[in-house]
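In what follows, a single structure is set out as structure tokens and then discussed.
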Amino acid sequence: MLDHLIRSATVVDGTGAPSYPADIGLRDGRIAAITAPGALTEQAATSEDATGLVLAPGFVDPHTHYDAQLFWDPYATPSLNHGVTTVAAGNCGFSLAPLNPDRPADADYTRRMMSKVEGMSLVALEEGAPWNWHGFGEYLDALEGRIAVNAGFMVGHCALRRHVMGPDAIGGQPSPEQLRRMLDLCHEAMEAGAWGLSTTQSSTHTDGDGAPVASRHARPEELIALSKAVADHEGTQLEAIVAGCLDQFSDDEIDLFTAMTAAAGRPLNWNVLTIDAAVPERVPRQLAAGERARAAGGRIVALTMPILTPMNMSLGTFCALNLIPGWGETLALPVPERIARLRDPAVRAELLRRAGAPEAGVFRRLADFGRYVIGDTYSVRNRGLTGRVVRDIAAERGQDPFRCLVEICAEDELRTVLWPMPTDNDPASWELRQSTWRHPDVLLGGSDAGAHLDRMCGAPYTTRFLGDCLRGRGLVPLEEAVKMLTDDPARLFGLRDRGRVQPGFHADLVLFDPARIDAAPAALVHDLPGGSPRLDAKAIGIVSVRVNGVETIREDRVTGAVPGRVLRSGRDTRTVPTG
């Protein structure tokens, strides 16, 4: 007997092949049969009529930071609501394990680092996770059997360095013995199931003390040694971030990525490729890394988002503005001093100069303050400004836009919510995206879901993209769009029997209404441990989500089932060739 029968669905199977009508039978967590409608006669414990609905493989998000959230939110919301059934975490060099048992304070250091560098609530990190592990395998075991999504985890370079070197990981270089111990820890993590190694050299990544995170102090020989360790384990990967990921790679950064992927003999993915027709040289430069890697026997894959992710920002909390070179010092001051500095015309002029300079890279997009929209306000004097464009307010007041924005925020003691309007929402940029998405070294993804919780909500990219394909710009046919969200990331990570609607594959499935599929606007909710805020977005048109055959979402509501699995390298992934 079948466990469940889905009748008369329009199957988009993830391979890019044309859709077709079918009945799909599920048994023991896998797809047992696919037949023409009405031809599947085997009895089923439960069934449903899917006439007019699309059945697709569960979506695979290749870049998340759900490492901590899964402990208090086993449903990985809102990603699961939007059809994501498998998530990759432990990215950017940041994992929650291993922790050195001889230094209990390292757990607190890790929490403060994650709060700073990935915008997670410190209270939620302290109260929502048990922190009862030391080894990487113990961390994976702590999640096993209690999550609703499938999840795989990279081991973070920062954790390896901190475990071995302690505070000397910041600014120091490992001795030969320390490097050997770091390599041993890396091997242990992958033997326990880590998907590979992640690392960061990005200038934007600082810890809770404001210092460059541990992996930023690593020299190329350390990174290459760790990459070689990855080569010894089946089904593993590399993930890395450098400063040039935000704009354009330097020759040294391309050389580093190429040496790492060649040493590992494994694909290396990086996040995130920003596509903007106003900077036409960026995409060719970034994709040149893949060409150089292929010549050396490696593979480099760029992640890019198929939507424009809206951001909440403010001058009162850490956000992307802090990452503009020269801005961090001013925005880190106590609020009264910060306001005084921002009101100084000379300071504003210098900040504007720095924001428009070449070294600001992709953050130059944030410098057109006249295009900002005012969000939530808190003072009487700002009443009625919500939803208005700063340029219009500035014209009424006879002020330049940046001064106007500063004065509005100062009235709210810098709590004003700001919405920067994208500068790359033009036809030329969308045309460039359409062609770039089809490049063999480009993969859709990069949501950062689980991070930057009150600043951005990238998790709904799947439903918003599909809605755009079906009823919006129509840049990609539905079958190709589904393949980009399912089989393509599944193949990059070497997932065994996932990413397609195919007999024998795991029944990770999304049933959706093609006439409605979309995402609602993000809204601030206070549902984290300790009442901390985050942005959430409702899914529209998602009828059902199944993970390993068990329904986890019905009409945008979690069912309470936790059938997800911790996907471990080798057992659940196979090695992906770089050639």
Side-chain angles (χ1 to χ4, degrees), residues 62-63 65 88 90-95 113 116-118 154-161 169-171 173 196-207 211-228 230 237-264 266-275 279 281-294 296 298-305 320 322-325 328 358-364 441-443 445-446 448 451 578:
H63 189 104
H65 290 278
N91 288 296
C92 302
F94 308 123
S95 61
M113 178 184 71
K116 176 66 178 294
V117 79
E118 293 298 346
M154 308 289 280
V155 62
H157 189 182
C158 289
L160 298 177
R161 254 188 162 243
I170 306 299
Q173 297 302 318
L197 173 78
S198 73
T199 188
T200 179
Q201 298 268 298
S202 174
S203 57
T204 65
H205 287 159
T206 56
D207 65 13
V213 296
S215 64
R216 285 179 58 187
H217 303 276
R219 294 173 178 163
E221 51 266 32
E222 179 182 327
L223 291 161
I224 292 168
L226 288 165
S227 299
K228 288 179 179 177
V230 172
Q237 298 272 321
L238 292 172
E239 188 271 344
I241 307 290
V242 293
C245 291
L246 293 173
D247 190 15
Q248 295 178 56
F249 294 133
S250 67
D251 285 337
D252 287 345
E253 289 170 335
I254 294 178
D255 289 344
L256 176 62
F257 274 8
T258 298
M260 289 173 65
T261 179
R266 300 288 189 272
L268 179 153
N269 75 81
W270 63 272
N271 188 48
V272 59
L273 174 61
T274 301
I275 302 172
V279 192
E281 66 274 16
R282 180 182 294 137
V283 170
R285 175 61 177 175
Q286 300 304 74
L287 297 186
E291 298 170 9
R292 197 178 302 181
R294 260 192 301 278
R299 185 185 179 197
I300 296 172
V301 177
L303 304 188
T304 191
M305 288 288 275
N322 295 67
L323 304 179
I324 300 173
E359 60 266 24
V362 73
F363 296 114
R364 291 195 300 270
D441 295 335
V442 173
L443 182 73
D448 259 0
T578 54

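Not measured: the values here are computed from a predicted model.
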Test: Asp207 and Arg216 ion pair at under 4.0 Å: no
Residue pair Leu226 / Leu160: nearest heavy atoms and the distance that separates them: CD2-CD1, 4.3 Å
Val301 and Val442, any side-chain heavy atoms less than 4.5 Å apart: no
Arg364 side chain to Pro358 backbone, donor-acceptor under 3.5 Å: yes
Minimum-distance pair of heavy atoms, taken over all atoms of Gln201 and Val242: CB-CG1, 3.9 Å
Where Ala302 and Leu287 come nearest, the two heavy atoms and their spacing: CB-CD2, 4.3 Å
Donor-acceptor contact present, side-chain Thr578 to main-chain Arg299, <3.5 Å: no
Check: Ser198 side chain, Gly90 main-chain N or O, donor-acceptor pair, under 3.5 Å: yes
Min side-chain heavy-atom separation Leu443-Pro62 under 4.5 Å: yes
Side chain His157, main chain Leu197, donor-acceptor under 3.5 Å: no
Trp270 vs Gln286 side-chain heavy atoms within contact, under 4.5 Å: yes
Side chain to side chain, Val230 and Lys228, heavy atoms closer than 4.5 Å: no
Side chain proximity check, Glu118 to Cys92, heavy atoms < 4.5 angstrom: yes
Set of salt bridge (Lys or Arg N to Asp or Glu O under 4.0 Å) partners for Asp441, sequence neighbours left out: Arg294
Contact check, side chains of Arg292 and Asp251, non-hydrogen atoms, under 4.5 Å: yes
Any side-chain donor near an acceptor of the partner, Asp448 and His63, under 3.5 Å: yes
Non-hydrogen atoms of Thr261 and Gly298 that approach each other most closely: OG1-CA, 3.5 Å
Pair Arg282 + Asp247: basic N to acidic O under 4.0 Å: yes
Partner set under ring-ring contact (aromatic ring centres under 6.0 Å, His included) for Phe94, not counting sequence neighbours: His205
Check: Ala263 main-chain N/O paired with Ser227 side-chain donor or acceptor under 3.5 Å: no
Exam field: side chain Thr258 to backbone Ile254, donor-acceptor pair closer than 3.5 Å: yes
Minimum heavy-atom distance Thr199-Ser215, with the two atoms named: OG1-CB, 3.5 Å
Nearest atoms (heavy-atom pairs only) where Gln173 meets His217: NE2-O, 2.6 Å
Residues Ser202 and Thr204: side-chain donor-acceptor under 3.5 angstrom: yes
Arg285 side-chain N/O to Phe249 backbone N/O, donor-acceptor pair under 3.5 Å: yes
Polar side-chain atom of Ser95 near backbone of Val155 as donor-acceptor pair, under 3.5 Å: no
